[in-house]
Amino acid sequence: MLKTIISLTLVNLLLSSQLTHTYAHQIHTNVPKIKPIKINVTPPEKNQSKKFIIEVEDQEVLKKIKANYPNVKLDKVFDTVLQGASIVGTEEDIEKIKRQPGIKEVHHTSTYKVELDQSVPFIGGMLLRGEFDEKGRRLTGKGVKVGVIDTGIDYTHGDLQRNYQGGFDLVDEDEDPMETVKSQGEATLHGSHVAGIIGANGKYLGVAPDAEIYAYRALGPGGVGTSDQVIAAIEKAVEDGMDIINLSLGSSVNGPDYPTSMALDKAVEKGVIAVTSNGNSGPGLWTVGSPGTSEKAISVGASTPPLEIPVLELELVPNKTFILQPLQGSVPWNLTKSHKIVFGGLGYPTEFPDVKDKIVLIERGEISFTEKVNNAYKKGAKAVLIFNNEEGAFSGGLEEAITIPVVALTREDGLFIKNELEKGHEWAETKMRKVQDQLANFSSRGPVTHTWGIKPDVVAPGVKIKSTIPNGYISLQGTSMAAPHVAGAAALIKQAHPDWNPEQVKAALMNTAKPIFDDVGRMYNPYEQGAGRIQVEKAVNAKVLAYPGSLAFGSIVPNSGMIEKSVKITLENKSSQTEKISFATPNLKEGVHWRLPLSFSLKPLEKRIVTVAVTVDSNKITDGIHYGNVKVESSSDVEILLPYLFVVGDADHPRVMGFSFEKENGADDVYKYELYLPEGAEELGVALFDPLTLTYVGHLVQERNVNRGLLEAELKRDDIPFADGDYICIVYAIQNGKEGVQQSRITIGEGK
């Protein structure tokens with residue numbers, strides 16, 4: 001049985017990658033001849049110190065560890081958003097500590113990276129400049145503390161130095177959270193860009209130009225940091241009394257129980273408004289990454305402010321346009337007349353046909369974007385289209401200035417154009433299209449695995465956002481740019497309503513958001529846009545609040561009869577007049593029945609908890625994700641849309657994600673391996689293939705009945721029966737008869 005299922009898994013993936021039937025057959029016949037390596041068979045290295053995050057029941061446990069294990073170093077101690085510490089010790093000590101009373105969880109530290117434009121007036125920020133808080137001050141964020149957990153801030157920048165109030169460097173452990181400069185490694189600018197969107201006050205004005213900005217440098221050279229640094233930054237920001245924290249960073253793991261997500265939940269419980277980016281891995285479902293999966297934080301997707309963007313049309317293919325998304329560092333698209341498109345493979349010089357004065361279509365992979373574009377430029381190309389080598393969109397940048405425009409395409413668009421070129425449809429022209437309030441292709445989508453929660457909560461402008469960087473300004477894009485719009489908006493709300501808690505601020509932003517639509521008029525789904533694009537002036541003046549701002553009803557087993565799911569909602573009247581509240585039944589679907597509260601009145605400042613329930617006939621309704629909006633109406637013409645979602649049966653969610661395989665820090669012969677299983681796996685495997693011949697080599701890992709959550713393990717080099725080199729790696733997980741696959745490349749030993 002194992003052989004058959006593995007074969008099908010690998011064959012399906014490889015065939016989708018256009019490998020031949022011969023290789024697929026080879027996999028099938030070779031699987032049983034390979035002796036698998038079990039995850040836990042290899043004895044761990046006992047004398048190599050490593051860093052872990054431990055969760056404890058109380059701080060007394062840490063005191064006992066310090067007393068009983070003198071060789072273990074308590075690095076960062078957490079007692080605010082997490083009870084525990086990051087510790088440095090040998091595997092032998094950690095194994096002993098795991099067995100001590102009071103130890104809840106032990107995690108390896110993970111690596112985090114930053115995710116990368118006239119938008120303040122668009123979200124309504126300028127409309128509030130004429131309004132005042134209870135102290136008679138204009139609504140500009142005055143008196144509100146915002147912590148930027150990022151790469152640091154260039155606090156000497158003329159637009160930032162007025163608002164900068166301090167912070168801490170969790171990388172170098174000092175009180176100087178300056179951006180990384182070149183002499184320290186790969187220079188950074190991300191945190192300064194984020195801070196400028198929130199509160200620039202100079203040549204540019206941020207959303208909340210008088211907010212107090214604090215920097216917590218959790219990501220070092222190249223914008224890279226570890227999960228314990230991020231958690232420590234969250235903890236320090238909470239201890240320092242931040243009203244709001246912004247985290248424009250993330251991982252690829254869609255899991256609600258990642259340590260950083262749980263730390264944000266705790267921060268919110270302590271009264272801090274937490275805002276985080278949803279991720280840049282769209283447009284596919286399930287692409288939201290931690291900490292965007294935090295239930296209580298405000299997770300933000302990216303939409304477009306008013307823009308003129310270039311689109312490409314093939315002259316012999318009517319009614320089909322392709323949005324041209326520039327790579328970071330590219331010159332603007334400047335082609336106006338018709339040009340011929342040619343296919344240039346992966347961008348190697350030997351693959352190019354005659355490209356002089358033509359547009360070159362190139363596939364992503366093997367060599368850098370810069371190398372591909374330089375090769376095309378030297379051959380006389382006019383522009384370069386790079387399409388993804390896996391499903392969906394991507395974001396990237398050029399490492400040096402090149403004078404021809406370079407844009408990114410989804411894999412689907414790239415393959416469509418390639419197919420049309422083969423038919424002789426080679427001529428194309430570009431036009432400018434006005435767009436606004438469309439979801440950015442790269443913006444990650446939900447839902448959240450396991451909890452089936454709706455993420456993002458809201459969207460905000462995140463495309464071509466110009467803001468501050470060290471020694472200047474630049475336009476960047478990403479959900480990293482969308483999140484600080486929301487953090488700045490939250491600062492304006494907090495100034496106007498200092499007694500509002502994080503749940504009320506989040507509700508105000510969600511309840512007053514504007515639903516947005518794609519270019520053919522389809523309203524984006526809740527797991528794409530949340531409640532919609534923020535409208536900060538309406539949020540500040542919200543008369544009625546309903547929270548939670550979205551309704552996650554969870555999962556339903558198919559063919560299990562009539563199942564009722566319910567969510568309690570708080571309705572709160574923030575106006576000075578009595579409000580009559582009523583609920584409108586959502587669009588009816590077969591097998592779905594709603595039980596909604598009867599109309600009632602709310603006196604000024606009164607709140608009431610009500611129940612919204614849905615009954616599902618699981619024998620009639622189809623499997624999958626079901627969603628929509630529950631409408632709340634009031635007598636003062638307030639209309640609130642509460643997005644809802646429930647899952648019947650299998651939602652076709654990813655079975656495996658976040659795979660990494662690399663040498664342990666400081667160890668030449670020990671490899672750290674981790675992956676995330678949202679719902680566990682009946683069978684789990686990691687299969688290796690030769691990257692040149694695509695020959696099946698063997699299994700690195702093979703396991704049965706693995707529990708859900710983060711799986712971490714180590715393998716010694718001596719116990720890996722494969723030669724040094726580079727390998728294509730297929731990670732698969734099988735659950736309830738369905739399989740999920742992730743593909744990557746790994747290096748064993750020194751590589752080739």
Side-chain angles (χ1 to χ4, degrees), residues 17-18 113-116 182 185-190 221-224 280-281 310 312 322 324-335 339-411 413-415 417-418 421 428 441-442 474-478 662 690-694 725-729 743-747 750-752:
S17 301
Q18 300 180 341
K113 297 192 72 174
V114 293
E115 301 176 348
L116 304 167
K182 192 172 183 179
E186 186 179 346
T188 58
L189 52 77
H190 192 268
V224 179
N280 296 336
S281 300
L312 182 140
F322 306 92
L324 303 181
Q325 185 66 57
L327 262 65
Q328 304 289 354
S330 169
V331 299
W333 189 272
N334 54 9
L335 278 63
H339 285 81
K340 192 173 183 178
I341 304 179
V342 295
F343 181 58
L346 288 166
Y348 290 103
T350 54
E351 295 183 276
F352 288 152
D354 176 15
V355 302
K356 185 173 177 57
D357 294 329
K358 298 169 186 173
I359 300 171
V360 185
L361 176 68
I362 299 175
E363 185 173 6
R364 181 186 183 190
E366 294 195 12
I367 58 176
S368 71
F369 300 136
T370 305
E371 190 173 353
K372 293 174 188 287
V373 178
N374 259 325
N375 291 339
Y377 174 71
K378 291 174 182 177
K379 294 280 188 177
K382 278 283 190 177
V384 173
L385 314 174
I386 301 178
F387 69 93
N388 208 355
N389 56 355
E390 55 187 45
E391 184 179 346
F394 70 95
S395 58
L398 301 175
E399 298 164 359
E400 60 184 73
I402 305 174
T403 58
I404 59 174
V406 186
V407 299
L409 298 175
T410 65
R411 178 161 187 80
D413 284 351
L415 292 177
I417 295 174
K418 181 175 179 288
L421 297 181
N441 214 27
F442 57 77
I474 198 173
S475 291
L476 296 176
Q477 59 194 29
E662 56 190 14
D690 185 284
L692 298 179
T693 65
L694 303 177
D726 301 323
Y727 295 89
I728 292 176
C729 179
Q743 178 176 339
S744 64
R745 286 176 175 257
I746 67 170
T747 298
E750 299 303 318
K752 294 180 180 179

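Leu324 is listed as a side-chain neighbour of Leu312, based on a closest heavy-atom distance under 4.5 Å. Put simply, the side chain of Phe387 reaches to within 4.5 Å of the side chain of Leu415, judged on heavy atoms. Contact annotation: the side chain of Leu398 approaches that of Val373 to within less than 4.5 Å [non-hydrogen atoms, C-beta and beyond]. In this structure, Asn375 and Ile367 have side chains that are in contact, with non-hydrogen atoms separated by less than 4.5 Å.
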>> If you apply the rule side-chain contact (heavy atoms from CB on, under 4.5 Å), what do you find for Gln325 with Val407, and how did you get there?
In response: CA-CA 5 Å; Gln325 185 66 57; Val407 299; 5.5 Å; no

> Should Arg411 and Glu363 be marked as a salt bridge (Lys or Arg N to Asp or Glu O under 4.0 Å) after you check the CA-CA gap, both sets of side-chain angles, and the distance that decides it?
Replying inline: CA-CA 8 Å; Arg411 178 161 187 80; Glu363 185 173 6; 2.9 Å; yes

> Do Phe343 and Glu351 pass the side-chain contact (heavy atoms from CB on, under 4.5 Å) test, and can you show the C-alpha distance, the side-chain angles, and the key distance before you say yes or no?
Replying inline: CA-CA 9 Å; Phe343 181 58; Glu351 295 183 276; over 6 Å; no

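With no hydrogens or angles considered, a side-chain donor-acceptor pair links Asn374 and Glu400 at under 3.5 Å. For the 3.5 Å distance criterion, the side chains of Glu366 and Tyr348 qualify, holding a donor opposite an acceptor.
Between the CD atom of Glu662 and the CD1 atom of Ile746 there is a distance of 11.5 Å, given to the nearest 0.5 Å. The CG atom of Asn334 sits 8.0 Å away from the NZ atom of Lys382 when rounded to the nearest 0.5 Å. The distance from atom CZ of Phe322 to atom CD1 of Ile417, rounded to the nearest 0.5 Å, is 4.5 Å. From Ile362, atom CD1 reaches atom CG of Leu385 across 8.5 Å, with rounding to the nearest 0.5 Å. In this structure, the separation between SG on Cys729 and CD on Gln743 is 9.0 Å, given to the nearest 0.5 Å. Note: Ile359 CD1 to Trp333 CH2 = 4.5 Å, rounded to the nearest 0.5 Å.
Side-chain atoms of Asp413 do not come within 3.5 Å of backbone N or O of Leu409 as any donor-acceptor pair.
The minimum heavy-atom distance between Gly365 and Lys372, with the atom names listed, is O-NZ, 2.8 Å. Nearest heavy-atom pair, Val384 versus Ile404, reported as atom, atom and distance to 0.1 Å: CG2-CD1, 4.0 Å. Nearest heavy-atom pair across Leu361 and Lys418 is CD2-N, 3.8 Å. Considering every non-hydrogen atom in both Ser330 and Val406, the closest pair reads OG-N, 2.9 Å. Nearest heavy atom pair, residue Lys356 against residue Asp354, reads N-OD1, 3.3 Å. Annotation for Asp726 and Pro691: closest pair O-CD, 3.1 Å, computed over non-hydrogen atoms.
Ile402 pairs in a side chain to side chain contact (heavy atoms under 4.5 Å, CB included) with only one of the listed residues (Val331, Leu327, Thr370), which is Thr370.
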